[in-house]
Amino acid sequence: MLNFLKEFEKKLGIKITCSQETEPLGTAGPIALARDKLIDGSGEPFFVLNSDVISEYPLKEMVNFHKGHGGEASIMVTKVDEPSKYGVVVMEETTGKVKKFVEKPQIFVGNKINAGIYLLNPSVLNRIELRPTSIEKEVFPKIAAENKLYAMVLPGFWMDIGQPKDYITGLRMYLESLRKKSSAKLSTGSHFVGNVLVDESAVIGDGCLIGPDVAIGPGCIIESGVRLSRCTIMRGVRIKKHTCVSNSIIGWHSTVGKWARLENMTILGEDVHLGDEVYSNGGVVLPHKEIKSSILKPEIVM
């Protein structure tokens, strides 16, 4: 991860400083741990973003919203169809002032949930102890009780991508948002169906059919006659001739043999080598493995 961030430092021309937990500190403790890095004396608010979420990031609009209400903290909320699976934020519709939080409500109290995007004044740091602690359950309810917490409804898509199947759904939503913006990032041509994102350094052979909802990373080699749909192919992967991959995630520097078939949320960890004509039905293969026989039902291969 640190190497990945170094790449982005160069790409974006910014300084990225890492704060590392030596023990899990929950969702608020790490903010206290990084206190010295967050306080610069300007009094300006800072963003806190959950990294297992994909969404639109209207950060400028959020800054304007935060300055407009004059409270201590702002959170982004998103509307969901099944609020009973989440913690629901109960708020005033007109001002956005948060009244309370209801964890996994059994009766309908609202359909807006915490989207994991926050803008906090430096004074919030004084409310967080350096110990394992939850920002959602311990910090925000206290700020809300003092009428200093406000919520803004997130425009556009949102998805928690902490689980593989949700990651694939998040990919679909992200690619769809690129399509709506008529983004030049999306691939075009006779090889492609629907929304597809291909790194410019990837090589794609003749007679392939790729899409919908596919992302192909840097340095990948997709040989001729390959069919890909609803999948992510990470950096440095080689997929050999006439293989079919759907609803799957292929990890870094893996190889998939000829005439193989991977489906039903198959996940290959880093540096996995799948033989020719192997079938995987939902296999989850840990890194640095060689697989020569088919995986006929969803299971973890250690």
Side-chain angles (χ1 to χ4, degrees), residues 1-2 4-5 8-9 14-55 57-59 62-78 80 83-92 95-105 109-110 112-154 158 160-163:
M1 186 172 165
L2 294 173
F4 177 80
L5 291 172
F8 268 81
E9 272 193 320
I14 59 171
K15 172 102 178 79
I16 298 175
T17 307
C18 293
S19 170
Q20 203 163 349
E21 293 168 274
T22 51
E23 59 169 316
L25 291 170
T27 52
I31 302 170
L33 185 66
R35 181 188 178 101
D36 296 346
K37 297 177 175 72
L38 293 169
I39 290 185
D40 61 1
S42 69
E44 286 294 307
F46 57 88
F47 284 101
V48 175
L49 311 174
N50 284 2
S51 61
D52 59 354
V53 162
I54 190 164
S55 69
Y57 288 96
L59 302 181
M62 196 173 184
V63 168
N64 294 337
F65 171 75
H66 184 75
K67 288 185 171 162
H69 66 62
E72 197 173 2
S74 299
I75 65 173
M76 203 74 92
V77 294
T78 186
V80 291
S84 61
K85 292 185 351 195
Y86 303 94
V88 171
V89 180
V90 181
M91 57 189 266
E92 285 177 7
T95 62
K97 186 186 285 182
V98 174
K99 296 178 184 171
K100 61 178 178 175
F101 295 85
V102 182
E103 195 60 38
K104 296 183 180 170
V109 291
K112 296 181 190 74
I113 66 162
N114 178 350
I117 301 170
Y118 316 134
L119 187 55
L120 312 177
N121 285 355
S123 58
V124 173
L125 289 163
N126 299 329
R127 297 175 179 270
I128 306 171
E129 294 174 34
L130 184 51
R131 61 176 176 84
T133 173
S134 162
I135 197 163
E136 302 86 356
K137 292 180 180 153
E138 296 180 58
V139 181
F140 287 156
K142 288 177 183 167
I143 303 175
E146 294 174 25
N147 296 317
K148 292 179 181 174
L149 182 65
Y150 288 78
M152 172 181 163
V153 179
L154 176 72
W158 178 89
D160 177 331
I161 54 169
Q163 297 294 324

Legend entry - Contact summary for His66 and Gly71, nearest pair of heavy atoms: CE1-O, 4.1 Å
Inset, instruction - Specify the closest pair of heavy atoms between Leu25 and Leu33, including all atoms of both residues, with the distance to one decimal. - result: CD1-CD2, 4.0 Å
Inset, instruction - Return the orientation label for the Phe65 and His69 ring planes: parallel under 30°, perpendicular over 60°, tilted otherwise. - result: perpendicular
Legend entry - Atom CD of Glu9: over 12 foreign heavy atoms under 6.0 Å: yes
Inset, instruction - Looking only at non-hydrogen atoms, find the nearest pair between Gly29 and Leu130 and report the distance. - result: O-CD1, 3.9 Å
Inset, instruction - Using distance alone, with no hydrogens and no angle criterion, decide if Ser42 and Asp40 have a side-chain donor and acceptor under 3.5 Å apart. - result: yes
Inset, instruction - Rounded to the nearest 0.5 Å, what's the gap from CG on Asn147 to OG1 on Thr95? Could you check? - result: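 OG1 of Thr95 is found 9.5 Å from CG of Asn147.
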Legend entry - Aromatic ring pairing Tyr86/Trp158, orientation class (parallel under 30°, perpendicular over 60°, tilted between): perpendicular
Inset, instruction - To the nearest 0.5 angstrom, please state how far the NZ atom of Lys37 sits from the OG1 atom of Thr17. - result: 7.0 Å
Legend entry - Heavy-atom pair with the smallest gap, counting every atom of Pro132 and Pro24: CG-O, 3.7 Å
Inset, instruction - Supply the atom-to-atom distance Leu125 CG to Arg35 CZ, rounded to the nearest 0.5 angstrom. - result: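 Reported value, rounded in 0.5 Å steps: 5.5 Å.
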Legend entry - Of Glu23, Glu138, Glu21, the residue whose pairing with Arg131 passes salt bridge (charged side-chain N to carboxylate O under 4.0 Å, His left out):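 The option that passes is Glu138.
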Legend entry - Nearest atoms (heavy-atom pairs only) where Ser84 meets Pro105: CB-O, 3.3 Å
Inset, instruction - State the CZ-CD1 distance between Phe101 and Ile113, to the nearest 0.5 angstrom. - result: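 Nearest 0.5 Å value for the CZ-CD1 distance: 12.0 Å.
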Inset, instruction - Kindly write out the residues that satisfy salt bridge (Lys or Arg N to Asp or Glu O under 4.0 Å) with Lys67, not counting sequence neighbours, or none if the list is empty. - result: Glu44
Legend entry - Residues in salt bridge (Lys or Arg N to Asp or Glu O under 4.0 Å) contact with Glu72, at least two apart in sequence or another chain: Arg127
Legend entry - Asn121 side chain to Ser123 backbone, donor-acceptor under 3.5 Å: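 Side chain of Asn121 to backbone of Ser123, a donor-acceptor pair under 3.5 Å: no, none is there.
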Inset, instruction - For Gln20, look at atom CD and say whether over 12 heavy atoms of other residues, nucleotides or ligands are found less than 6.0 Å away. - result: no
Legend entry - Closest contact, heavy atoms only, Glu136 versus Asn114: CG-ND2, 3.5 Å
Legend entry - Rounded distance (nearest 0.5 Å) linking atom CG of Leu120 with atom CD1 of Ile128: 7.0 Å
Inset, instruction - Using the side chain to side chain contact (heavy atoms under 4.5 Å, CB included) rule, pick out the option among Ile31, Val124, Leu119 that qualifies with Phe46. - result: Ile31
